[in-house]
K.L.:
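Sending over a structure as structure tokens; questions will come in a sec.
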Amino acid sequence: YMALADLGLASLDAKRYDAAMGHFAASLTIAGELQMRDGTVAATLEGLARLRVRLGRAREATQLFAAADGLRHRAATPAPL
């Protein structure tokens, strides 16, 4: 799932938004199946939030950033600087 999240970020940077969405969604699906609840999942949510910002969906982005922040606090994983 981490490789898919990285592909999502690369696709986002390349402005391939449909591909980014697919990679982030697949990453989160696998993370859910593995019951992962750590900083790597938070980073994926943050990537998805960045995608929402680029698509002009600020409200959804805010919700995703908040979810990522909550997950980081619960997992005691600080956000990268």
K.L.:
Does the side chain of Leu45 come within less than 4.5 Å of Phe24's, by heavy atoms?
P.N.:
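No, every pair of side-chain atoms sits at 4.5 Å or beyond.
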K.L.:
Take Arg72 and Glu46 through the test side-chain contact (heavy atoms from CB on, under 4.5 Å) and record every step on the way to the result.
P.N.:
CA-CA 11 Å; Arg72 285 190 183 283; Glu46 291 161 352; 2.9 Å; yes
K.L.:
Going by atom type alone, with no hydrogens or angles, which donor-acceptor pairs under 3.5 Å involve a side-chain atom of residues 59-70 and a protein atom two or more places apart or on another chain?
P.N.:
unit_1	atom_1	unit_2	atom_2	d
Glu60	OE1	Arg52	NE	2.6
Glu60	OE1	Arg57	NE	3.2
Glu60	OE1	Arg57	NH2	3.1
Glu60	OE2	Arg57	NE	3.4
Glu60	OE2	Arg57	NH2	3.2
Thr62	OG1	Ala58	O	2.9
Asp69	OD1	His73	NE2	3.3
Asp69	OD2	His73	NE2	3.4

K.L.:
Sequence neighbours left out, what pairs pass side-chain hydrogen bond (donor to acceptor under 3.5 Å, both in side chains) with at least one residue falling in residues 7-26?
P.N.:
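Output for this query lists Asp13-Arg50.
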K.L.:
Do Leu28 and Leu48 come close enough that some side-chain heavy atom pair is under 4.5 Å?
P.N.:
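Of all side-chain heavy-atom pairs linking Leu48 with Leu28, at least one is under 4.5 Å.
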K.L.:
Look up atom CG in Leu4 and atom CG in Leu9, then write down how far apart they are to the nearest 0.5 Å.
P.N.:
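Reported value, rounded in 0.5 Å steps: 11.5 Å.
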K.L.:
Report yes or no: do Tyr1 and Thr40 form a side-chain donor-acceptor pair below 3.5 Å?
P.N.:
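Their side chains do contain a donor-acceptor pair, which is all the 3.5 Å distance test asks for.
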K.L.:
Is Leu12 reachable from Val53 through a run of I, L, V, M, F, W or Y residues, each pair having side-chain heavy atoms under 4.5 Å apart?
P.N.:
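Looking at the clustering, Leu12 is in a separate group from Val53.
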K.L.:
For Arg54, what residues pass the side chain to side chain donor-acceptor pair (under 3.5 Å) criterion, not counting sequence neighbours?
P.N.:
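Checked Arg54 against side chain to side chain donor-acceptor pair (under 3.5 Å); zero matches.
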